[in-house]
Amino acid sequence: MEKRRILGVLALAVITAVTAGVEYTKMAAQRQEAAEHRAFLAAAPLAQVEGETLSPNGRFQVRTAGKSEMYVSGYVVPEFLQIVDTETGEILWQDQGALWQSALWSPANNLVAIAYGGRTWTQVKVISTACWISWDFTLPDGSPIPEYEFLPEDWGTWLDMDTLLLTVGRGGDAGEPHTYRCTVRTNQDGTLSGSALEQTTEVLSEDYDFDHDGMPETTELVTVLTPEADYYPAWYILQVIRQDGVELWSAGAHPSHAGWTSVFACKIDGEDYLLQYEPEMYQGWGEYAYRLFHPYIISPASNEPAEQVLREGAVTWDLNFGREGHHLNAAALADFLEEVHGYLDQSTLLLSTEGGEVRTGGSGADFRSDMDFWDDLCPYDEALSLQENLENLERSWTAAQQALEIT
């Protein structure tokens, strides 16, 4: 009996020793594997910040810091993404690192856009250097960038100090590109707010040389869309882009009355000019104004645009016949209309929102809404001059107004 017990103890000891040996070997293998993994991570490249790491004034730097234990698609994911003061090294803003990150600074150093993501997702945020808080980009309907939809390499452009043009989608199988106009502002209470509207761009012409440098520019119509309804236009931007991508000139237009404008391409002595015409009228009072000019770049070093005005003019008048202070100013109005119509006869319409109707293309000679004065009571007489017809109109309407006052 005692012998069997001793044998059992010896057997248990052997089993324990064997088990301990196995566990030791297993732990040693795990330690070796962990050491190899750490060595692998130490040797693997760390995902860095692409794009503009330094602010334009050199004061701030976007950088990664630390190494996480995540290895994805050939890179180690950094532990942190930071913005630091380049002089003091102080960390001013910090977030988790990502598989990739790209920075784009506004020209005024006040905002920086950071795009970042992983294998299946992408996000964009804009950070204020005034308060070090961020605004997260969402699509106009409030949803995030969809999974597996990525940004192109040149994903953003700052149009000014607070307006970012953002492209989502690389085209082809990677997703149709969409462009969003993002406006970000720092509020007085220290908060950051933003909005995003989708916009489309249509090439209207590549035939005009408005800056007279011998190379034609591209004339484009940008339509900025509202999120409430599909493809309901919020406003329009007509822009002229040089072959090197520099914006030569642009102007906004809107279907609402305050945003009405009309822009034409006008040919004068074989040279291309822009003709901007705005015949405004409010409750019987009118002010017509035009500018005939050509845009140009002051110097290649600055790419700063300017305008050389060839002709410009304006006239004010009113149709409040019979009222005190009324002044049609028939002679001045006739001279103005004859002058601007002469330019319109040599022009092609680029964009008009006059009357709330958006139009492109067609001859400027068809643009005659500025002469909708005559009716059946006082028709236009082709045998008379424009000034004589305007004088007839004033006499006719004044008599009609006086007759109404008598009755």
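Computation of the quantities below employed the complete heavy-atom set of this structure, encompassing side-chain atoms and omitting hydrogens, waters and symmetry-equivalent molecules.
- The six-membered or imidazole ring of Phe293 lies near that of Trp249, with a centre-to-centre distance under 6.0 Å.
- Between Leu350 and Thr360 there is no side-chain heavy-atom pair separated by less than 4.5 Å.
- Distance alone, capped at 3.5 Å, is enough to place a donor-acceptor pair between the Asn389 side chain and the Asp381 backbone.
- Considering every non-hydrogen atom in both Arg368 and Gly364, the closest pair reads NH1-O, 3.9 Å.
- Contact of the Trp105 side chain with the Asn110 side chain is not registered, since no non-hydrogen atoms from C-beta on lie closer than 4.5 Å.
- In summary, of the residues considered (Leu81, Val84, Ile127, Leu104), a side chain to side chain contact (heavy atoms under 4.5 Å, CB included) with Val62 occurs for Leu81 alone.
- Looking only at distances, no side-chain donor or acceptor of Ser143 sits under 3.5 Å from a matching main-chain atom of Leu139.
- Taking 4.0 Å as the cut-off between side-chain N and carboxylate O, Arg291 and Glu307 count as a salt-bridged pair.
- Using a 4.5 Å heavy-atom cutoff, the side chains of Ile237 and Leu221 are not in contact.
- Looking only at distances, no side-chain donor or acceptor of Asn187 sits under 3.5 Å from a matching main-chain atom of Asp189.
- By the side-chain contact (heavy atoms from CB on, under 4.5 Å) test, Arg359 is found to be paired with Leu349, Ser352, Glu354, Glu357, Phe367, residues two or more places apart in sequence or in another chain being considered.
- A distance below 6.0 Å separates the ring centres of Trp132 and Phe60.
- Listed by chain and number, the residues in a side chain to side chain donor-acceptor pair (under 3.5 Å) with Gln308 amount to none (sequence neighbours excluded).
- Qualifying ring pair (Phe, Tyr, Trp, His ring centres under 6.0 Å) partners for Tyr75, counting only residues two or more places apart in sequence or in other chains: none.
- For Tyr290, the side chain to side chain donor-acceptor pair (under 3.5 Å) partners are Glu339, not counting sequence neighbours.
- With no hydrogens or angles considered, a side-chain donor-acceptor pair links Thr261 and Glu278 at under 3.5 Å.
- Rounding to the nearest 0.5 Å places CG of Leu248 at 9.5 Å from NE2 of His294.
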Give every donor-acceptor pair under 3.5 Å between a side-chain atom in residues 266-275 and any protein atom, sequence neighbours left out.
from	atom 1	to	atom 2	distance (Å)
Lys267	NZ	Asp272	OD1	2.7
Asp272	OD2	Asp209	N	2.8

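- Annotation: ring pair (Phe, Tyr, Trp, His ring centres under 6.0 Å) contacts of His257 (sequence neighbours excluded): Trp260, Tyr282.
- Taking CD of Glu220 as the start and OG1 of Thr201 as the end, the distance is 5.5 Å to the nearest 0.5 Å.
- Take Asp335 and apply the side-chain contact (heavy atoms from CB on, under 4.5 Å) test, not counting sequence neighbours, and it matches Glu338.
- Qualifying side chain to side chain donor-acceptor pair (under 3.5 Å) partners for Asp211, counting only residues two or more places apart in sequence or in other chains: none.
- For Trp135, the ring pair (Phe, Tyr, Trp, His ring centres under 6.0 Å) test picks out no residue, with sequence neighbours left out.
- In this structure, Asp213 CG and Met215 CE are separated by 4.5 Å, a value rounded to the nearest 0.5 Å.
- Taking every heavy atom of both residues into account, Ser55 and Arg59 meet most closely at OG-N, 3.1 Å.
- Residues Lys67 and Leu46 have side chains in contact (heavy-atom distance under 4.5 Å, counting atoms from C-beta outward).
- Partners of Trp374 under the ring pair (Phe, Tyr, Trp, His ring centres under 6.0 Å) rule, at least two apart in sequence or in another chain, are Tyr380.
- Between Pro255 and Ala234, the shortest heavy-atom contact is CD-O, 4.2 Å.
- Relative orientation of the Tyr288 and Tyr277 rings is perpendicular, given thresholds of 30° and 60° on the angle between their planes.
- Summarising the geometry of Val112 relative to Ala103, their closest heavy-atom pair is CG2-CB, 4.3 Å, with the distance given to 0.1 Å.
- Counting heavy atoms from C-beta outward, Gln48 and Pro78 have side chains that stay 4.5 Å or more apart.
- Atom CD of Glu206 sits about 11.0 Å away from atom CD of Glu217, to the nearest 0.5 Å.
- Using a 4.5 Å heavy-atom threshold, the side chains of Met371 and His341 count as touching.
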Give the table of side-chain donor-acceptor pairs shorter than 3.5 Å for residues 91-99, with sequence neighbours excluded, one pair per line with atom names and distance.
from	atom 1	to	atom 2	distance (Å)
Gln94	OE1	Gln82	NE2	2.6
Asp95	OD2	Lys125	NZ	3.2

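- Not a single donor-acceptor pair under 3.5 Å links the side chain of Thr316 to the backbone N or O of Glu287.
- Using a 4.5 Å cut-off on side-chain heavy atoms (C-beta onward), Thr179 and Val168 make no contact.
- For residues 150-167, every residue pair satisfying the side-chain hydrogen bond (donor to acceptor under 3.5 Å, both in side chains) rule, not counting sequence neighbours, is listed here: Ser102-Trp155, Asp160-Thr163.
- Put simply, the side chain of Thr353 gets close to the backbone of His254: a donor and an acceptor are under 3.5 Å apart.
- In this structure, the side chains of Thr219 and Phe210 come closer than 4.5 Å at one or more pairs of heavy atoms.
- The closest side-chain donor-acceptor pair between Thr120 and Glu147 falls under 3.5 angstrom.
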